[in-house]
Amino acid sequence: MSFIKPQFRHPALPKNRVGYTKADYEGAISTLCAGCGHDSITAAIVQACFEIDLEPHKLAKISGIGCSSKTPAYFLRNSHGFNSVHGRMPSVTTGAYLANRDLIYLGISGDGDTASIGMGQFVHAVRRNLNMVYIVMNNGCYGLTKGQDSATADAGSISKEGHTNQFRSIDLCSLSIELGATFVARSFSGDKHQLVPLIKAAMAHPGFAFLDVISPCVTFNNNKGSTKSYDYVRAHQEATSELDFVPEKEAIHIHYKEGKSVLAPLHDGSLLHLYKLAPGWDPTDRRSVIDMLQNAKVEGTIPTGMLYLDMNTRDLHDLIHTVPQPLNSLREEALCPGQAALEEINASYR
Amino acid sequence: MKPTNIQNPEYFHKVVDCQYACPAHTPVPEYIRLIANGKYTEAYLINWESNVFPGILGRTCDRPCEPACRRGRIEQGEEPVAICRLKRVAADNKGPVKQYMPTAPAQGNGKKIALIGGGPASLTVARDLAPLGYEIHLYDEWHKAGGMMRTQIPAFRLPESVLDEETGYILSMGIHTHFNHYVSSMREILNKDYDAIFVGTGAPKGRDLNLPGRKEGARNIHIGIEFLANVAFEHVHSIGKKVIVLGGGNTAMDCCRTARRLGGEQVTVVVRSPFSTMKASPWEIADAQREDIPIYNNMPPKEFVVENGKLRGVIFEKVRAEYDDKGRRTLVPTGEPDVFMEADDVIIAVGQDNAFPWIERDLGIAFGKWDLPVVDRISFQSTMPKVFFGGDAAFGPENIITAVAHGHQAAISIHLFCQGKDLLTDRPAPTTNLVRQKMGIHEWIYDNAVVSDDRYAVPHEEKKLALSNRKVEVELGFDTDTAFKEAQRCLNCDVQTVFYHSRCIECDACVDVCPTSCITFTINGDEDDLRMRLSAPALNKSQDLYVSDTLPTGRVMVKDEDVCLHCGLCAERCPTAAWDMQKYLYNVTKAVKIL
Ligand SMILES: Cc1cc2nc3c(=O)[nH]c(=O)nc-3n(C[C@H](O)[C@H](O)[C@H](O)COP(=O)(O)OP(=O)(O)OC[C@H]3O[C@@H](n4cnc5c(N)ncnc54)[C@H](O)[C@@H]3O)c2cc1C
Ligand SMILES: Cc1ncc(C[n+]2csc(CCOP(=O)(O)OP(=O)(O)O)c2C)c(N)n1
Ligand code: SF4
Ligand code: SF4
Ligand code: SF4
Ligand SMILES: [Mg+2]
């Protein structure tokens, strides 16, 4: 068993605008099971961060507990990080985000971590519109504790031991849309072509960006009858759209043909270009998205890609009027404005 | 692209860069692992089977394997594994080996073979044929076997004891030696009752420079290879204080270093062309420079200056190299004044030629360009069926390991010939063996960790002592601890990544983990197109792409072999064992089974 990845990388690895190769966004060697979908999502995150020319110190990765929540150890070794308690990633992120809005927040969670123990935290993070990327590595089970059904396991899905799940599943995408999330997407760990641009777009989105990534657990939930296996997802996945994320620096030169495409400008000048494949659905219209998801459920397909996007978003800081600068940069004069200021405040209540 | 046929013995052979580059295809990584395990005797024997002179080659080999070594490609500035010097470690530390070597059978097979010349080519033929019961007669003009390994390679690079030991293993297989016997007529040999004749007489003629003053200064102007032979056989013991060596090849390096040991105090090498185009191996140049021998370049000699019958020195012109669009070089005078350099002795080391004055031209043995015999590249047969050529005598001067490789092939041909078989269609295929390395979950039989150590340098004898006596060996060899560390640098390129496409679930785990971005799953295309669409562009076309059959998603797996570290991570991360690490042992079949 290898515990260390060799130091050598392909000598022709390209460098991005900030001078890093993809290898500079890696972390320690993974200890997950061989073939775990979570490792592919890790690789997609590495790829996305490389492509957006991220300076690693400008990102904080925060997670809960689970195989999925372990993955931040395997990417972005030079970024900030906090591996919190089971289901508590949203509150830790909320705190960090309130203290310093200048970082990109990348929350990593599992379906157990989010849809079971962390559900109470999750829903509030959505409705508060934290400016963060929230990735659920969704394998329909509790991988770390040996594969018990999770709340996202579909009714009728058969477990490795052969029993059939009786409970209805929670669809985290529908729920997020219901709660007011402004960027909602679903993808598959086995489809980096789709996943990488989604992660890049999510990082550029100025509000809560939710990514439900189906990620097979090869050890406990990749059997026949499971609806979260590689084979099942490949057979039932239907891409709603193709997404191109065009960074600010290149946006000027892009001209798309009119037609089924939607161009969404992001606040930093980047462009999201969405080429619609699914008919009768408008990714900017909440009701049409919910309809589409409900229809898919009936038809037994798994719609993936960008599902819902609302560019008119106001994030938490905006809503509660907090100071723009990170709290750790506030000087004593700002934090303790003195007797006169206190008098003034007290007077305002009289 | 079509799926790669890994049944073709050459596919995985090519992945083992060092072994593929070795003319004798020595299984390098196999012996390096044995050295790491302290199994020096086994490592020696594996070498001996392939290259016959591990102790000699471990000190002197031209080592074409090292520039080919994958380790030198995986990062800018990374150096190849010290393959050659590891070989010496096996030779230095081995136990008794004679008992494992084949012997001549008590009963001969009734066939007689003559070997003309006692260099590595003939000795290899002897070793491969003696165990088959051939009666072998070896002719050499000198009093001992070894050819140029003995007459040319100086003792400070190759101690006589090592030569005696390794030529001895062969001669003791019942070889009939005819030493001090210069064969002056091929007709005479043909008239004897030999079933086949092998000519391994080398390229024995040193080139001369016919410049003004050459005749007048003859007493102090020497031909390099004659000078070295005279030193080796103790006919020459000293040289003047100021010595100029003309030439930029390995012979020039041996001449200047020998001169330093015979009393030369100011020894200078002068080459006519740019330093960067010198033929000598970089390490030989470095060794000469370490012994305070300056090398001047871009100075062709013009005239030997002789006064009162005594050599005074050499006049050189100054030139620079210019290249035309076809890359052809011309040396153009710079116009600077000529340079005079003083010298008591001059050694001319500007190349060797073949010479066959003793082979009559009316025998049916055809000669072609440059008076080289017409020889088949595979069978080494001449136009006279029972006469074979090998080593420097066949295609011009090369090196020891090439002579050995020729010897093996010539031995096969001679054996086939004596049995009345076809020399081309009946040639034996190489033997190959592909063995799984799995020992448990994520455990391999080989040491798959990739160390980051830089190449270790071989320690040298203290300079003053080394220069005091031409028989003091300069290189001391690795001690076993350093040898272990150097051996660990080997990437085990013979442990192949074997892909079973029917097991692959396309989870991408191998793509994600591969440190050097070797693996890609993509839609098939033609080779040039595929090479540009991989995880990292596959620009090194000398390295193959390993392409699988079509997978369920319609894609194929493409692996660029170029910078694979053979770390086994792809196989460790593969949930279905679609990747497996399997050791590939490729062996050139010899005339007889040696081990
Ligand atoms: C100065 C120098 C240094 C070298 N250093 C190296 C080195 O470090 N590493 C390396 O790999 N290679 C080296 N070489 C090259 C190497 O020595 C030869 O390529 C190799 O020895 C060729 O082997 P061979 O068997 O073809 O013939 P040779 O080794 O040349 O042996 C031929 C033998 O046949 C004898 N012979 C010739 N004609 C007759 C005849 N008519 N009758 C009887 N005997 C005859 C010759 O005297 C000689 O003994 C060096 C060469 C020179 C000149
Ligand atoms: C408070 C608490 N309760 C229960 C656990 C046990 N536990 C560890 S991981 C886990 C489920 C993880 O499932 P998921 O988030 O889907 O991650 P996966 O391993 O599937 O990626 C549970 C229940 C715990 N660590 N802490
Ligand atoms: S148990 Fe499942 S989720 Fe956890 S590492 Fe293994 S395959 Fe991945
Ligand atoms: S790394 Fe080892 S096996 Fe690979 S080419 Fe170099 S010496 Fe040979
Ligand atoms: S052995 Fe596998 S993981 Fe390692 S470098 Fe080669 S292809 Fe990549
Ligand atoms: Mg889970």
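This one's a predicted model, so the numbers in the text were calculated from it and none came from an experiment. Each chain gets a letter, A, B and so on, in the order its sequence line appears, and its residues count up from 1.
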Inset, instruction - Give, as side chain, backbone, both or neither, the part of Leu32(A) having an atom under 4.5 angstrom from any heavy atom of chain B. - result: both
Legend entry - Pairwise distance CZ(Phe3(A)) to NE2(His442(B)) - rounded to 0.5 angstrom: 10.5 Å
Legend entry - Audit row: Thr576(B), Val218(A), side-chain contact (heavy atoms from CB on, under 4.5 Å) steps and yes/no: CA-CA 10 Å; Thr576(B) 61; Val218(A) 276; over 6 Å; no
Legend entry - CD1-NE2 distance between Ile74(B) and His10(A), expressed to the nearest 0.5 angstrom: 11.5 Å
Inset, instruction - State the CZ-SG distance between Arg573(B) and Cys36(A), to the nearest 0.5 angstrom. - result: 8.0 Å
Legend entry - Under 4.5 Å from any heavy atom of chain A - which part of Thr553(B): side chain
Inset, instruction - Rounded to the nearest 0.5 Å, what's the gap from SG on Cys567(B) to CD1 on Ile4(A)? Could you check? - result: 12.5 Å
Legend entry - Nearest non-hydrogen partners of Gly35(A) and Cys507(B), listed with the distance: CA-SG, 3.7 Å
Inset, instruction - Apply side-chain contact (heavy atoms from CB on, under 4.5 Å) to Arg71(B) and Phe8(A), showing your working. - result: CA-CA 10 Å; Arg71(B) 182 104 197 174; Phe8(A) 299 102; 3.4 Å; yes
Legend entry - Atom pair SG (Cys514(B)) and CZ (Arg9(A)), whose distance is rounded to the nearest 0.5 Å: 9.0 Å
Inset, instruction - Could you check if a side-chain atom of Ile505(B) sits within less than 4.5 angstrom of a side-chain atom of Asn222(A), using non-hydrogen atoms only? - result: yes
Inset, instruction - Select, from Asp562(B), Ile441(B), Thr516(B), the one with the greatest count of heavy-atom pairs under 4.5 Å involving chain A. - result: Thr516(B)
Inset, instruction - Specify the closest pair of heavy atoms between Glu443(B) and Met1(A), including all atoms of both residues, with the distance to one decimal. - result: OE2-N, 3.3 Å
Legend entry - SG-CG distance between Cys510(B) and Asp39(A), expressed to the nearest 0.5 angstrom: 11.5 Å
Inset, instruction - Pick whichever of Ala509(B), Ala536(B), Pro537(B) has the most heavy-atom pairs under 4.5 Å with chain A. - result: Ala536(B)
Inset, instruction - List the atom of Val513(B), the atom of Lys5(A), and the distance in Å for their closest heavy-atom pair. - result: O-CE, 3.0 Å
Legend entry - Gln76(B), part contacting chain A, at a heavy-atom distance under 4.5 Å: neither
Inset, instruction - Go through the side-chain N and O atoms of Asp512(B) and Thr42(A) and say whether any donor and acceptor fall under 3.5 Å apart. - result: no
Legend entry - Minimum heavy-atom distance Asp508(B)-Lys192(A), with the two atoms named: OD2-NZ, 2.7 Å
Legend entry - NZ (Lys39(B)) with more than 12 external heavy atoms under 6.0 Å: no
Inset, instruction - Would you confirm whether Glu572(B), through its side chain, and Ser2(A), through its main-chain N or O, come within 3.5 Å as a donor-acceptor pair? - result: yes
Legend entry - Winner by heavy-atom pair count (cut-off under 4.5 Å) against chain A, out of Ser452(B), Cys518(B), Gly568(B), Ser517(B): Ser452(B)
